[in-house]
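Just follow the structure's listing: the first ligand is 1, and inside any ligand the first atom is 1. Fair warning: this is a prediction, and the values are worked out from it, not measured in the lab.
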Amino acid sequence: MTNHPEILAWVEEITALCTPDAVHWCDGSDAEYAALTSLLVARGTFIPLNPEKRPGCFLARSAPSDVARVEDRTFICTKRRNEAGPTNNWMPPAEMKARLRAKFAGSMQGRTLYVVPFCMGPLDSPLALVGVEITDSPYVVVSMRTMAHMGARVWNKLGTTGRWLPCLHSVGHPLPPGTPDVSWPCNEDKYIVHFPQDPAVWSFGSGYGGNALLGKKCVALRLASWIAREEAWLAEHMLILGIHDPDGNSTYVAAAFPSACGKTNLAMLVPPESYRKAGWRTTLVGDDIAWLRPDSEGRLRAINPETGFFGVAPGTSPSSNANAIAAIARNTIFTNVALTDDGDVWWEGLTDSPPAHLTDWQGKDWSPDCGRPAAHANSRFTAPAEQCPSIDPAWQNPEGVPISAIIFGGRRPGTMPLVYQSFNWAHGVYIGSTMGSETTAAATGAIGQVRRDPMAMLPFCGYDVGEYFSHWLEMRRHIRHLPRIFHVNWFRKGPDGKFLWPGFSDNMRVLEWIIRRCRGTVAGHETIIGWTPHWEDFNHEGLEGFTRDDFNKVMAVIPAEWRAEVLSQGELFLKIYDSLPKELVYQRELLSARLSLD
Ligand code: TSX
Ligand code: MN
């Protein structure tokens, strides 16, 4: 437990408000984990998986209405509306708190209130942030133990005066005496609310993912992005990957992609055989969030604030991501995947052909011809990062790893070449600010449209997105050794609708060019959009059937496509024009000018 007077007072206040039957202070121990998973099994929330096939693993099935983050119910409550910006939902903090206090009043009746101390980042890191999550969900407690440093060591770090972020969570499903519980309690009315000026998070009504595991999107991105602006660092939606060449040089890159671009797959990349034989290796520091801060030598260093993966299951297979498959072999919580008859898990894409019979994510009988997906499209695994075979020995280095390149990317069937490098920092910020991805999910309506998602942060920026761009531009004054900025696109298609680039392991070839550019050991070809590789400098050894002609197709910069791109980028800039830094407007003008010369 803790003697931190503010925390004691806050827990007392919330206990009085939420009226739980009991209060449990989490210590993060193995015994506590075992007791809570047993409780979840007894309640029907967890199904233990076959210990022969998946030791220490459980399957949870959420309510069908509680399967993803709820962006329309996510709020940034700042004193002034313009501090939240045009892309965030906003309400005055006092009004929101009054509304939510009524929601939280009595919300934990019949349940236990868990006090979950967590530390985002290595415990001894100067970059780490401590939060305390109060939750009435034991599923959240056991998930938080995988996703962050959780328990007694965090109280020790805090002492009685340390900085901490209060994070209040309730599934919003009280149990008056005599009411039976359900296996996935939640509430139809959901609120994911951030008060960055406190700073605090209040989350009500959902037990799923980023809505409920408050260390991840709420603290490590939305609140941290606000804190990072005040303290001159960056909290980003980025993977962190180490690339180690045969000469013993290690280079680290950070990369931001919107969803459905295979970010976790890139973070866990296995180099092609020709590279492995030559002695290249890749290592994982993080797969989702990077906190980037200049060190005393003016180098940008990154930590991963998380200790686990909360990864999308469908599409994960030994061929798409062998390291993820190894990471989820044990001690993993699966949510909304399918159950096999022998007590293992399955999802679309795990194997080439599905099993003849499954129990689907809703607990219903499933066969290959039934016309429904077996696993939910947003089904997840929650696994300890240390179980990834490619985990970097320095992943818990309190100082972080030095970042040489920042990579933006998206799923773009046209326009965007496989890779290009920005001319400079400001141009790179412009590239990140205009990045986008083709919409894939049928639920979002128009398929095949480009949806802009600046730096992959649109749903995660805790303040005005225009101010956020200004902060990115400002950061150049704090970093002596600026990382080079790149844009990649693994998803360009030919006129036949086929992908022009094999992707996956072969992305290593693109990464090699990127890190050689950073080291200054390879030339580039100057185009109107930035620097691209020459065929001669692009390692295509072992790439069967990939010709110079194929390379030219995937690398082509087509002015007609880029004119449409610049117009489309203008639509985003118009939406956020009030706070958009002029320097980005001018970057767009410069690109237009270079285009009209063609
Ligand atoms: O994750 C992906 N990456 C990054 C890997 C390190 N995916 C999956 C995206 C869905 C989450 C990719 N899909 C990638 C990629 O580089 N590229 C593609 C497109 C693609 C799909 C299948 C093939 C080739 C490209 N295979 C064949 O054509 C045989
Ligand atoms: Mn993410």
Q: Against heavy atoms of G503, which atoms of ligand 1 measure under 4.0 Å?
A: 16 (O)
Q: Is the positively charged end of R411 above the ring of F491, judged by distance under 6.0 angstrom from the centroid and angle within 45° of the axis?
A: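 Geometry flag: set, cation within 6.0 Å and 45°.
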Q: State whether any protein heavy atom lies less than 4.0 Å from atom 16 (O) of ligand 1.
A: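 Given the 4.0 Å limit, the answer for atom 16 (O) of ligand 1 is yes, a protein heavy atom qualifies.
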Q: Out of all atoms in ligand 1, which are within 4.0 Å of some heavy atom of L266? Include the element for each.
A: 6 (C)
Q: I want to confirm something. Looking only at heavy atoms, which of F504, F491, W501 is nearest to atom 22 (C) of ligand 1?
A: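 Heavy atom nearest to atom 22 (C) of ligand 1 belongs to F504.
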Q: Kindly state if atom 6 (C) of ligand 1 has a protein heavy atom within a strict 4.0 Å cut-off, that is, under 4.0 Å?
A: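 Yes, at least one protein heavy atom sits under 4.0 Å from atom 6 (C) of ligand 1.
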Q: Taking the cut-offs as 6.0 angstrom to the six-membered ring centre and 45 degrees off its axis, would you call R229 and W226 a cation-pi pair?
A: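 Judged by the rule, R229 and W226 form a cation-pi pair.
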Q: For a 4.5 angstrom cut-off between non-hydrogen side-chain atoms, does P384 reach T307?
A: no
Q: Are any of the protein's heavy atoms under 4.0 angstrom from atom 28 (O) of ligand 1, yes or no?
A: no
Q: So, K217 and the Mn ion (ligand 2): N/O/S under 2.8 Å, yes or no?
A: yes
Q: What protein heavy atom sits nearest atom 20 (C) of ligand 1, and how far off is it?
A: F499 CD1, 3.4 Å
Q: Is it the side chain (CB and beyond), the backbone, both or neither of K263 that lies under 4.0 Å from ligand 1, heavy atoms counted?
A: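 Neither; no heavy atom under 4.0 Å.
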Q: Could you tell me if N378 and R380 have a donor-acceptor pair between their side chains, going purely by distance under 3.5 Å?
A: yes
Q: Taking the six-membered ring of W531 as reference, does the cationic atom of R517 (NZ for Lys, CZ for Arg) lie under 6.0 Å from its centre and within 45° of its axis?
A: yes
Q: Mind checking whether H244 and Y252 have parallel, tilted or perpendicular rings, split at 30° and 60°?
A: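 Geometry flag for Y252 against H244: perpendicular rings.
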Q: Answer yes when D287 and K263 have at least one side-chain N-carboxylate O distance shorter than 4.0 Å, and no when they do not.
A: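 No, D287 and K263 are not salt-bridged.
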Q: Measuring from atom 24 (C) of ligand 1, which candidate in G262, G409, C261, P502 has the nearest non-hydrogen atom?
A: P502
Q: Looking at atom 1 (O) of ligand 1, what's its closest protein heavy atom, distance included?
A: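 Atom 1 (O) of ligand 1 sits closest to the protein heavy atom N265 ND2, 2.8 Å.
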Q: Out of curiosity, L223 CG to H194 NE2, how far, rounded to the nearest 0.5 Å?
A: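 L223 CG to H194 NE2: 6.0 Å, rounded to 0.5 Å.
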Q: Between N507 and ligand 1, which part of the residue brings a heavy atom under 4.0 Å of the ligand: side chain, backbone, both or neither?
A: side chain
Q: Among all protein non-hydrogen atoms, which one is nearest to atom 9 (C) of ligand 1, and what is the separation to 0.1 Å?
A: R411 NH2, 3.6 Å
Q: Under the 6.0 Å and 45° cation-pi test, does R222 pair with F460?
A: no
Q: Give the name of the N/O/S atom in D288 that lies closest to the Mn ion (ligand 2).
A: OD1
